[in-house]
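Report on the following structure.
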There are 2 protein chains.
Amino acid sequence: MATIDSAPAPASAGRLRVAVPSVAERVAQELRRQLAEGTLIPGARLTESTIAEDLGVSRNTVREAFAELASERLVVRHPNRGVFVASLGAEDIHDVYTVRRFIEVSAMRGGGSPEDVAAVRAAVEEGKRAAAAGDDEAGGTANQHFHGAIVAMARSPRLNTVMAQVLAEMRLFFHKATADALFYQRYLPDNEAICEALEAGELDRAADLLLAYLDRSEDNLAAVHGE
Amino acid sequence: MATIDSAPAPASAGRLRVAVPSVAERVAQELRRQLAEGTLIPGARLTESTIAEDLGVSRNTVREAFAELASERLVVRHPNRGVFVASLGAEDIHDVYTVRRFIEVSAMRGGGSPEDVAAVRAAVEEGKRAAAAGDDEAGGTANQHFHGAIVAMARSPRLNTVMAQVLAEMRLFFHKATADALFYQRYLPDNEAICEALEAGELDRAADLLLAYLDRSEDNLAAVHGE
DNA sequence: ATCGAAGGATTGTTGAACAATCCGTAGATT
DNA sequence: AATCTACGGATTGTTCAACAATCCTTCGAT
């Protein structure tokens, strides 16, 4: 399949160091892409030699990429058996939402700078445009931007990392749920209301709305899972 | 230096599968130990070949261990330059405490089952014993158990993981601070008060006390850092 | 003193090899 | 027929050796 030689060759001209990511990093990136895109479905097995050949890299390099993805919980290692695309069970969904409740709600109560709030607003508008265009994929992305922007208000690199990983895990799961075209649109009014409360400086109310949203979202997802 | 063949040989008798950790995992564990113990000081460089020889494993295996430690932020990778023991700057300390405020305080407001509360109490008593014995190392460990137990009340594997990583990062930094023998003892009364509020079911008060403790602790640590 | 060109050392990556482990299947046993 | 055991194939875990790419230092020239 597609090779990973995407980065422009370190050709002649530019003397500006661009920090080309390592091969292992590019492999991880490519796998992340396929994971998010849904090419690799949860539970699928990833064979080292196959991927190594497909991407034209060594098995050892694939192995390093696996280690990275495993640390992000996107794949699971079964010793001596191989790595598999992570599949979230009911407990995992609940746990992910627990993390989100902890982090997002606290971030909301802390508020953010005007630029941070503007970023939240921008994500809401992005969602509206996606809905208008009927683009579900973009709608999901916008929703993740919305929640990412909320956490970003805390300006904490570590919290941002945690949140990014959790959102990546959710994206992995959503390929079952997104069959419902209205899944994201349903939450647009919530995002709008939360954002307005935030812009008005009513942080506690915004946090309460966000909490209610998360609870409802979890229930919906659990229902989809149970079907 | 010391080899890593610690696990009892997969001898004859036992048919019970014990899941021997992989070599890479044992290397990571050994490095974690040295990191926590202070043998490896922040900023120190870890040369692949040296460690490979010292532990009697291959360079590739060391590399896998590095990847794991890097994902835990215990070491930092500088591309083409090597990996270094992470050293926390002022921003990092603040960030770590931000994470702790988010997670610990929320967990406290959520409360926990009687067993979970008992675990918190046990950590407090552990700290008292360590103080009585004048054992600073044990005091630090007890303190980490205390805060770990608070987060454990949320019964969230992912939050526990995040907290464990943050505590590991702090341990890395504390080797400067622990010169002050009273560093941990100073916080014993706080832990006691927080625990009592928790046991009394006064979650909000316990959370407020915890928050105040975290703020004070951060200030102290920042002061130590600045000296 | 500044700059640039070797030189050496270390990382990044590859390829091949082998041991260890797992899985499925075919036979043997009851 | 069902269960157990042994075997074989496939994949992972780990090692080793090599080489390219990159960085740091030193040396020398300007």
- prompt: With the sugar-phosphate defined as primed atoms, P, OP1 and OP2, and the base as all remaining atoms, what B/S/- string results for nucleotides 10-19 of chain C, 5' to 3', for protein heavy atoms under 4.0 Å?
  reply: SBBBBB-B--
field: Thr98(B) side chain to Ser156(A) side chain, donor-acceptor N/O pair below 3.5 angstrom
entry: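 Result is no, nothing qualifies.
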- prompt: Where do Arg33(A) and Glu30(A) land on the salt bridge (Lys or Arg N to Asp or Glu O under 4.0 Å) test, with the steps shown first?
  reply: CA-CA 5 Å; Arg33(A) 197 187 61 74; Glu30(A) 169 64 15; 3.0 Å; yes
message: Tell me whether Arg216(B) forms a cation-pi arrangement with Tyr213(B), defined as NZ or CZ under 6.0 Å from the six-membered ring centre and within 45 degrees of its axis.
response: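 Arg216(B) over Tyr213(B) ring: no.
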- prompt: Thinking salt bridges, do Arg100(A) and Glu218(A) make one under a 4.0 Å N-O criterion?
  reply: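 Glu218(A) and Arg100(A): not salt-bridged.
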message: Nearest 0.5 angstrom please: Asp219(A) CG to Ile93(A) CD1, how far?
response: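 Rounded to the nearest 0.5 Å, the CG-CD1 separation comes out at 11.0 Å.
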